[in-house]
Chemist: 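Sharing a structure, written as structure tokens. Questions coming.
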2 protein chains.
Amino acid sequence: MTETKSTRPYKKVLDRLRAAGLRPTRQRLALAKLLFEGGDRHVTAEILHGEAQAASIRVSLATVYNTLHQFTAADLLREIVVDSQRSYFDTNMSDHHHFFHEKTNQLMDIPGDEIVVAQMPPPPPGTVVKRVDIVVRLDE
Amino acid sequence: MTETKSTRPYKKVLDRLRAAGLRPTRQRLALAKLLFEGGDRHVTAEILHGEAQAASIRVSLATVYNTLHQFTAADLLREIVVDSQRSYFDTNMSDHHHFFHEKTNQLMDIPGDEIVVAQMPPPPPGTVVKRVDIVVRLDE
DNA sequence: AAGAACCTTTTAACGATTCTAAACTAACTT
DNA sequence: AAGTTAGTTTAGAATCGTTAAAAGGTTCTT
Ligand SMILES: [Mn+2]
Ligand SMILES: [Mn+2]
Ligand SMILES: [Zn+2]
Ligand SMILES: [Zn+2]
């Protein structure tokens, strides 16, 4: 019923890259497809690289890193810090927070309206708040 | 007036290590002194190792890492995740959150009562909340 | 003082990430 | 269409923070 796949499926991501001022190279198109078609995702460079391999897309790990950072700079992704050893990239750009299951390394979204921060101190003089990140760490 | 330094200054940290069931070795005593005498601190392994060197305490970086993890396991420290490339350890064990200045890598405490989280979704079934970490990222 | 348990050190290894420099390719100009 | 240019990708090496292994040293209990 809800058939969204197509045999000429690059139109959407192509427009997205163009809008971001990024050249639509094979690698960027393929990675963008993996990232942006399939709902909200939280990936590491390794995970995305693995998915590319699995889909027979030849792309180096260095390019995956470059692309993730470029997409982040272009506000197509955001970088989430939950693990002091690995970077996660999030395709969900809406205002939201995260559950992080430390055993499985799974990140889950908490919609922005499900957490209410009623009070917050002002930032120190000479600084401005860039973002407020809430991570609910889970066990068991 | 408020002279807290002494010429026989190991009593306090000694008791602290004993209470935690950790053998009071030279290295642990020295690191505990650096960590716990001087107010609330946020250190990386490198920073603490550097301070030890500066104080002519001979201790290897591996021991600094071991000690930080042992102190954390003994609830003398907590590990803070703000940077996906480096671990910070916090001597402030009270309920609190953090400002993180991304330009300078400085961590500053936000007392627990200055942030009010009014609403929070329940953890997914089969999981339990271990901790809620709020990081206010600062710019400029 | 002796034995056992525990701890520290050095060195090597590790995984994640970044860098380098050459090869390639998309985009622009003619 | 061909040539030019700037931007991109790549393999491989390098770097960084951190951990592991092995060997020797320290502390605790008796
Ligand atoms: Mn990064
Ligand atoms: Mn750790
Ligand atoms: Zn998310
Ligand atoms: Zn703190």
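We name chains A, B, ... by the order of the sequence lines, and we start the count at 1 in each one.
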Chemist: Name the atoms and distances for all side-chain donor-acceptor pairs under 3.5 Å in residues 121-129 of chain A, with sequence neighbours left out.
Modeler:
| unit_1 | atom_1 | unit_2 | atom_2 | d |
| --- | --- | --- | --- | --- |
| A:Thr127 | OG1 | A:Pro124 | O | 2.6 |

Chemist: Could you give the CD-to-P distance, from A:Gln85 to D:dA20, as a whole number of Å?
Modeler: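 Atom-to-atom, A:Gln85 to D:dA20, this comes out as 11 Å.
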Chemist: Taking only residues two or more places apart in sequence, or in another chain, which ones meet B:Asp15 in a salt bridge (charged side-chain N to carboxylate O under 4.0 Å, His left out)?
Modeler: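 Here the qualifying residues are B:Lys11.
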Chemist: Please list, one pair per line, the donor and acceptor atoms closer than 3.5 Å that link side chains of residues 20-27 of chain A to other protein atoms, with sequence neighbours excluded.
Modeler:
| unit_1 | atom_1 | unit_2 | atom_2 | d |
| --- | --- | --- | --- | --- |
| A:Thr25 | OG1 | A:Arg28 | N | 3.2 |

Chemist: Reading nucleotides 5-12 of chain C from the 5' end, what letters show protein touch, with B for base, S for backbone sugar-phosphate only, - for no heavy atom under 4.0 Å?
Modeler: BBSSBB--
Chemist: Holding to side-chain contact (heavy atoms from CB on, under 4.5 Å), I want the full list of residues that pass it with B:Asp40, two or more places apart in sequence or in another chain.
Modeler: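 side-chain contact (heavy atoms from CB on, under 4.5 Å) list for B:Asp40, sorted by chain: B:Thr91, B:Asn92, B:Asp109.
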Chemist: Taking only heavy atoms on the protein side, list every residue of residues 45-56 of chain B lying under 4.0 Å from any atom of DNA chain D, sorted numerically.
Modeler: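 The stretch gives none, as no residue of it lies under 4.0 Å from the strand.
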Chemist: What residues, two or more places apart in sequence or in another chain, satisfy ring-ring contact (aromatic ring centres under 6.0 Å, His included) together with B:Phe36?
Modeler: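 B:Phe36 satisfies ring-ring contact (aromatic ring centres under 6.0 Å, His included) with B:Phe71 only.
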Chemist: According to salt bridge (charged side-chain N to carboxylate O under 4.0 Å, His left out), who are the partners of B:Asp95, at least two apart in sequence or on a separate chain?
Modeler: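 Checked B:Asp95 against salt bridge (charged side-chain N to carboxylate O under 4.0 Å, His left out); zero matches.
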Chemist: Applying salt bridge (Lys or Arg N to Asp or Glu O under 4.0 Å), which residue pairs with at least one partner in residues 115-134 of chain B are found, sequence neighbours left out?
Modeler: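 Sorted pair list: A:Glu102-B:Lys130, A:Arg137-B:Asp133, B:Arg131-B:Asp133.
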Chemist: Can you tell me how the ring of A:His96 sits relative to the ring of A:His42, calling it parallel under 30°, perpendicular over 60° and tilted otherwise?
Modeler: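 The rings of A:His96 and A:His42 sit tilted, inter-plane angle from 30° to 60°.
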Chemist: Could you name each residue pair satisfying salt bridge (Lys or Arg N to Asp or Glu O under 4.0 Å) that touches residues 63-78 of chain B, not counting sequence neighbours?
Modeler: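 Sorted pair list comes back empty.
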Chemist: Closer to the 5' end of DNA chain D via nearest nucleotide, is it B:Thr44 or B:Arg18?
Modeler: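 On the 5' side of the pair lies B:Thr44.
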Chemist: Scan residues 42-70 of chain A for pairs that pass salt bridge (Lys or Arg N to Asp or Glu O under 4.0 Å), counting only residues two or more places apart or in two chains.
Modeler: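 For residues 42-70 of chain A: A:Arg41-A:Glu51.
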Chemist: With axes from five pairs an end, tell me the bend angle of the helix from C:dA1-D:dT30 to C:dT30-D:dA1, nearest 10°.
Modeler: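 For the helix from C:dA1-D:dT30 to C:dT30-D:dA1, the axes at opposite ends meet at about 30°.
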